[in-house]
Amino acid sequence: MSKGSKLIVAGVTKRFGGLLALNDVSFSVESGEILALIGPNGAGKTTLFNCLTGFLKVDGGTVEFNGQNITNWSPNQICSLGVSRTFQVVQVLQGMTVLENVMVGAYLRHPRTAPARESAMAILERVGMVNRANDLAVNLTLPEKKRLEVAMSLATEPKVLMLDESMAGLTPTEAAEASQMIRSLRDEGLALIVVEHVMEAIMPIADRVIVLESGTKIAEGSPAEIVSNPRVISAYLGDKYAKRVIN
Amino acid sequence: MYLQLTVGGLLLGCIYGLVAMGLSLIYGVMGIVNFAHGAFVMVAMYASFWLNKFLGLDPVLSSPLVALLMFAFGVIVYHGIIGKVLEGPFLARLLVTFGLSIFLINGAQFLWSPDYRMVENPVFRGIKMLGPVFIEVPKLMASIGSLIVAGLIYWFVRKTKTGLAIQAISLDRMAASLMGIDIERLNGYAFGLGCACAGAAGGFLAEFYYIFPDVGTMFGLVALVAVALGGFGSTEGALIGAILIGIIETVGGFMIGSEFKYALVFLAYLVIVIVRPRGLLGWGAD
Amino acid sequence: MKDVNRTNKTLLTIAVLASIIVPLFIKARFLQHILVMVVLYAVLGQAWNILGGYVGLVSIGQAAFFGLGSYVSSYLSVEYGVNPWFGFVLAGLITALFGFLIGLPVTRLRGRYFAIATIALGQVMKVLFENWQRVGAATGLMLPLVKEGFSTFQFHTTKLPYYYIGLAMLGIIILFMRYMERSRLGYYFKAIRENEDVATALGINKTSYKLIAIAISAGITGMCGTFLAQYSLYVEPEYMFNHNISVTIALIAVFGGTGNILGPILGSAILLPISELTRAWMGSTGTGIDMMIYGAFIVLICVYQPRGLMGVVRNIQARARAQVQQARRGVNV
Ligand SMILES: Nc1ncnc2c1ncn2[C@@H]1O[C@H](COP(=O)(O)OP(=O)(O)O)[C@@H](O)[C@H]1O
Ligand SMILES: [Mg+2]
């Protein structure tokens with residue numbers, strides 16, 4: 001996982017009919033950084049992921065990765081280049097085993113089966129799912145499926161990893177484990193964009209935060225700046241959280 | 001000439017539309033693509049034929065009776081077969097009606113031989129001039145009848161309590177069952193209604209069309225294409241698709257040769273779904 | 001685990017040997033015919049399986065490829081005297097190319113839209129060939145009767161050579177599928193079947209892989225068409241593009257079970273004898289009762305055996321495993 005990768009998003013705009021889902025959104029993220037992407041429900045976070053990974057075509061703006069313009073490339077091309085994502089509504093290959101799921105990801109960099117299997121096992125080890133390797137994905141619990149999805153993404157050996165609410169629904173212990181994992185990925189040189197609702201889990205590990213509201217970026221800064229930004233507080237965090245932070 | 005052909009296509013399209021509506025209703029409510037629908041039309045045509053032969057009833061006039069018989073037939077088929085595969089895998093749901101179709105077609109051949117038959121002394125016959133176009137009276141009656149039945153079904157589904165319950169199922173099965181709707185019974189009704197559409201259409205067709213075991217196959221396939229064209233799950237789409245097909249069939253058949261008319265219809269399907277993978281007005285999952 | 005593997009290997013060896021040796025003792029032409037049909041449809045079922053079972057594109061129009069293949073070799077043989085083996089290979093290549101070209105637009109469709117598109121394709125092909133004077137229109141083509149022998153791909157005194165050719169085809173396709181199952185190709189196929197979005201998110205170019213699958217499936221099916229043409233020595237649209245071929249192929253897959261190698265073989269080995277026997281017993285009367293029974297049989301399978309025979313086998317295995325585990329636990333306690 002090489003260092004020095006950079007994803008630059010410039011003026012991305014997306015419309016659904018009359019609805020302006022993303023309005024001129026710009027930011028960038030680079031290796032060794034955790035960028036938290038927050039915003040109320042319906043703000044456009046998932047849509048942004050879909051635009052960056054080629055699942056939706058943008059109506060304007062550009063996405064650039066390591067100097068290459070990847071705007072509106074197909075999802076598989078973008079993944080091959082090293083930009084990988086998970087889905088908010090968890091998506092795994094239900095009828096295949098956990099190991100096979102991860103192998104499908106690993107085949108991208110290891111076309112032969114033996115190395116792909118090895119690489120997949122190493123990743124299962126890392127996410128602590130070796131004991132589940134031969135179970136069908138359909139039989140996993142929801143948190144396990146989320147973990148599997150991250151494992152599958154990791155197996156493609158990405159340089160940028162985008163996680164869409166991967167910690168939602170986890171117990172505090174599990175969430176802490178996940179945070180630990182995200183941190184260690186950053187320390188290995190990945191760039192991470194993390195969409196999360198569990199503020200307690202994401203704020204402490206984020207290097208930088210951007211806030212979306214109704215498709216528009218309304219703030220960007222360090223976690224401390226964000227939680228004290230009045231616009232953000234009113235738009236998203238609400239009084240309750242603001243009080244808690246201040247206390 | 002083209003006006004003449006278009007009118008002919010329109011009349012044909014109305015009858016297709018009735019068949020397609022039944023198909024669409026069944027699909028919308030229980031997610032079954034009924035490949036036996038054409039065979040149902042065929043069964044109805046034979047029913048009309050025998051009613052005519054033994055009781056002297058004219059097919060157009062006896063079509064309500066045939067529709068009623070087909071309704072009962074459909075309810076039985078639902079509870080005997082279709083209801084049992086609803087939870088099964090995709091392929092089983094797809095193939096079960098193929099089996100049913102093969103069974104019915106060959107059953108008809110076994111019982112009544114492969115001979116072509118025709119209703120003797122139909123009440124409606126001959127050709128009338130309507131402005132600049134010739135219109136075959138039985139076809140006109142059949143398409144008017146089809147539109148009436150289609151309207152009745154539409155009214156039933158939108159306005160009556162049972163119809164609304166059926167609609168509720170097609171919108172959200174879970175919610176419907178939670179609201180205390182007896183899904184099995186209503187599915188049976190819906191399937192019966194779908195068959196009744198095929199039944200009424202069969203009755204109208206028997207007035208002027210040859211009757212033989214394989215007669216329904218093309219009607220079924222064409223209706224299927226109409227439903228897919230309109231988009232699965234959209235009744236209006238099915239009707240539009242059917243009329244479109246009627247016109248493609250008559251006008252196109254005239255232009256490039258009638259032996260190619262069905263090939264043209266299928267080609268139209270291929271082209272349209274490739275441009276719009278879910279049909280003209282389609283929605284929902286695959 | 002090792003024991004299971006060893007029993008499996010022994011069973012496999014026995015099955016292979018039996019499929020080679022036992023037919024040698026079958027002299028009745030009708031029984032030989034059934035054997036030929038079983039291997040032919042086992043191959044067709046496997047070809048369907050690659051597309052429908054692994055990639056999840058359910059085709060009910062395989063007859064389009066089958067018929068095209070049969071016409072390619074037959075036309076070349078009748079018109080230019082091309083050796084049928086050459087025609088056989090060419091039929092495979094041309095139908096594969098045809099599958100690929102058709103696949104370009106059609107693989108964008110999913111589920112029932114794809115299935116209906118394949119039905120439409122089958123119908124269109126049939127109508128086109130029924131009206132194509134050059135290839136004999138509705139009457140089709142008669143293959144010239146020549147000296148029998150392997151090189152002419154014609155055998156008159158016994159049907160067994162056809163059986164062995166079919167068996168060889170089956171063997172090759174099974175080897176291919178075993179390779180496929182353990183390679184990236186097979187994993188990617190299954191991933192696309194399970195969830196296209198996930199597959200593309202993991203870097204899989206789903207369009208290419210679907211095209212590969214439809215080309216392979218079409219190519220093999222086309223070669224089977226040549227095989228049947230050489231077997232019956234005539235081709236006609238009603239016979240080679242018959243919709244029932246498409247339905248039977250799909251049915252074999254349902255009955256046997258999809259997405260694994262054994263399913264189509266089991267499905268064909270059980271279904272084809274039943275269908276051929278009913279046809280032989282009752283079909284000659286021309287009353288349609290044989291097809292009636294066949295239709296009823298399809299309905300029964302879909303209602304009572306919708307997960308295929310392999311589903312039953314798996315259930316039994318799972319139950320056995322559970323019992324073994326229970327027994328073990330019993331010992332521990
Ligand atoms: N495919 C779509 N078609 C139409 N509207 C959509 C589509 N996807 C998302 N939207 C709309 O775009 C807005 C942003 O949604 P989303 O990106 O899912 O928000 P978030 O992930 O921030 O909760 C919402 O109003 C949603 O209804
Ligand atoms: Mg979201």
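In what follows, chains carry the letters A, B, and so on, assigned in the order in which the sequence lines appear, proteins first and then strands, with residues in each chain numbered from 1. Predicted model only: the values in this text are computed from it and were never measured. FYI, side chains are in, hydrogens and waters are out, and symmetry mates aren't considered; it's all heavy atoms of this structure.
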Report the donor-acceptor contacts between chain A and chain C below 3.5 Å as a table, one pair per row.
| residue | atom | partner | partner atom | Å |
| --- | --- | --- | --- | --- |
| A/Gln91 | OE1 | C/Asn195 | ND2 | 2.6 |
| A/Gly95 | N | C/Glu194 | OE1 | 2.8 |
| A/Tyr107 | O | C/Arg184 | NH1 | 3.0 |
| A/Thr113 | OG1 | C/Arg182 | O | 2.6 |

Atom of A/Met152, atom of C/Leu202 and distance for their closest heavy-atom approach | O-CD2, 3.6 Å

In terms of heavy-atom pairs under 4.5 Å, which option from A/Ala106, A/Cys79, A/Gly54 contacts chain C the most?
-> A/Cys79

Okay, A/Val83 and chain C: the region with an atom under 4.5 Å from a heavy atom over there is neither

